Amino acid sequence: MGRPVWKGLADDMGLGRAKAEPGLRVVTSSDGGLFYNHILQKHDEYTECLLDLLDGAERLLNKGASKVGDTIDAMAKREQANLDEIKRLWEALEMEEGMEPVGPAPDGSVQANDMWWTSSLHQMFPGSVFDHWVFKILDWPSYMSVTGWLRRIINFLAFPFTGGRDLWEWLYSNLGGEWRLVEEAAFIWDLMGQFFVDLGTELETRMQIMFTGWYDSDAATTAGEYFREACSALASVNGPMSDLGDKYMAVATSSFGWCQAIYSGVDAIVDAVVAALLAGTSIAEILSGALALPGVVTAIIAVVKAVAAAWGYAMAAAYAMLGIGAGLGAVLKQVEWVTLPEG
C-alpha cells in the first residue's frame, strides 16, 4: 500500500493548484486602492509562494513514493542491519527531538478517505460577512436620509452602466479598494491552510494502516519517525496560509469600515442640516397644542432627523475605529513562511 499512498496524494496537489490559482489571480495589488495597495503589493509573490509549496509537497510525496517501497523491503529483512539503510533513505527529513513516530492506530480501525480527504477544496465562498443583516439594521438612518435615497436613485439610473453594482462603492474602491475581492482571497488562503492540514492528517492515517500488523521492530519505529516528520512538515503550511487569511480579512474589514464611516458621516451631516432647518418650532409648543397639524409633522420629522444624525455620527465614529483597528492589524500581521523538505 505504501507507494500508491504517497503517489496518490502527490497527484492530488493538482487539485490544490486548480482551486488556489484561479481564486487568487483575480486579485491584484490595485484592488487595495490608494489606502491598501502597499499591503497587497506582495500578493503575486504570496501566490507564487503558495504554488511553490504545492510543488514542493508534490515533490516530497513523489520522492516518498519512490522510497517507501525500499523502506518496506528493508523492514522485512534483519532489523539492525537495515536501520542505517532506512535512515539513509529518509535523510532529507530531519527529525525534531521528542517527536512521536507514526505507528498503527490504537484500535486499528482507521480508514483512508481516498478521494474524500480533499473535500475542503469543494467549499464555495459563502458570501460576504459584510452583507449580514446586522449591518443593514445598523444602517437604518440611510432609509430616511436624503443622501441615502439620493444614492439609491442614482444607482437605479446608473444600473445600465454598472450592471447593478453600487456606484458609490465603485467610487470608494479607488480609495479603499475592492473589499469583497480581498475577502474572497482571504477565504482561499484559509481554505488552502485547511487543505495542507488535511493532507498531513490523511498521509498519517494511511501510514497507520500500512503499519498495522507489523509495527513491532526498531526498523519500523525508525521509518515511522520520518513519516511523522513528513506529515508534520506538510501540516505546517497551515501557518502562513492562516496568517495570510487573517491579513487579507483585516484589509477587507478595514476597507469596509472606512467606506461605512464615510457613508454614515455624510448622511449624518445632511440629516443634521435638515433637522436644523425643520426645527422652527420646539417640542414644548407641540405639547402645548399650539401648533397646527403640518407644524407638528414638521417638528416630528426634525426630531427624527436629529436622532438619525446623532446615530450617524456615532456609527461613523465606530466604523472609523473599525477601519483603523483592522488596518493596523493588517499592517502588523507578519507572514512566517515555511520550507518543505525534499523528501
Side-chain angles (χ1 to χ4, degrees), residues 29-40 126-155 165-187 245-280 282-283 298-334:
S29 61
S30 62
D31 290 319
L34 183 63
F35 293 165
Y36 305 101
N37 62 358
H38 65 287
I39 300 177
L40 299 182
S128 175
V129 298
F130 307 118
D131 290 332
H132 196 278
W133 57 267
V134 169
F135 294 109
K136 306 296 184 184
I137 293 177
L138 293 176
D139 193 38
W140 67 266
S142 72
Y143 297 99
M144 295 181 291
S145 169
V146 174
T147 55
W149 281 106
L150 181 61
R151 283 200 303 270
R152 292 179 177 86
I153 292 172
I154 294 177
N155 277 336
R165 185 182 177 190
D166 187 286
L167 180 62
W168 307 101
E169 285 187 12
W170 177 81
L171 292 173
Y172 168 79
S173 67
N174 293 285
L175 290 176
E178 302 280 359
W179 76 72
R180 298 180 192 277
L181 282 179
V182 177
E183 183 186 8
E184 289 189 41
F187 170 77
D246 292 344
K247 190 179 188 72
Y248 277 57
M249 193 61 199
V251 169
T253 302
S254 180
S255 177
F256 170 78
W258 279 116
C259 183
Q260 296 305 308
I262 294 171
Y263 275 3
S264 298
V266 172
D267 286 354
I269 291 173
V270 175
D271 284 339
V273 171
V274 173
L277 293 175
L278 294 177
S282 67
I283 299 296
T298 300
I300 292 175
I301 293 175
V303 171
V304 172
K305 286 292 184 182
V307 172
W311 180 270
Y313 286 134
M315 292 309 302
Y319 279 125
M321 291 301 296
L322 176 65
I324 293 172
L328 286 174
V331 171
L332 297 176
K333 186 68 176 180
Q334 299 298 313

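No experiment lies behind these values; they were computed from the predicted model shown.
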Would Gln260 and Leu322 count as a side chain to side chain contact (heavy atoms under 4.5 Å, CB included) if you check the C-alpha gap in whole Å, the side-chain angles of each, and the deciding distance to 0.1 Å?
CA-CA 10 Å; Gln260 296 305 308; Leu322 176 65; over 6 Å; no

Looking at Lys247 and Lys333, would you say the former's side chain and the latter's main chain have a donor-acceptor pair under 3.5 Å?
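Confirmed, Lys247 side chain pairs with Lys333 backbone.
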
Ala250 backbone acceptor or donor facing Ser254 side chain under 3.5 Å:
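The answer is no, because no donor-acceptor pair under 3.5 Å joins these two groups.
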
Quick check: do Asp131 and Phe135 have side-chain heavy atoms less than 4.5 Å from each other?
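Asp131 vs Phe135: side chains apart.
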
Rounded to the nearest 0.5 Å, how far does OH of Tyr319 lie from CD1 of Ile324?
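One gets 15.0 Å once the value is rounded to the nearest 0.5 Å.
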
Carefully, step by step, assess Leu40 and Tyr248 under the rule side chain to side chain contact (heavy atoms under 4.5 Å, CB included).
CA-CA 8 Å; Leu40 299 182; Tyr248 277 57; 3.8 Å; yes

Can you name the closest pair of heavy atoms from [X] and [Y] and give their distance?
{"X": "Ala252", "Y": "Val182", "value": "N-CG1, 4.1 Å"}
{"X": "Glu183", "Y": "Val129", "value": "OE2-N, 2.9 Å"}
{"X": "Gly245", "Y": "Ala186", "value": "O-CB, 3.5 Å"}
{"X": "Val251", "Y": "Ala330", "value": "CG2-CB, 3.6 Å"}

So Phe130 and Phe256, would you call those rings parallel, tilted or perpendicular, with 30° and 60° as cut-offs?
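Geometry flag for Phe256 against Phe130: parallel rings.
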
Could you tell me if Ser255 and Tyr36 have a donor-acceptor pair between their side chains, going purely by distance under 3.5 Å?
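No pair is found: no donor N or O on one side chain lies under 3.5 Å from an acceptor on the other.
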
Walk me through it: do Tyr172 and Trp258 pass the test side chain to side chain contact (heavy atoms under 4.5 Å, CB included)?
CA-CA 9 Å; Tyr172 168 79; Trp258 279 116; 3.3 Å; yes

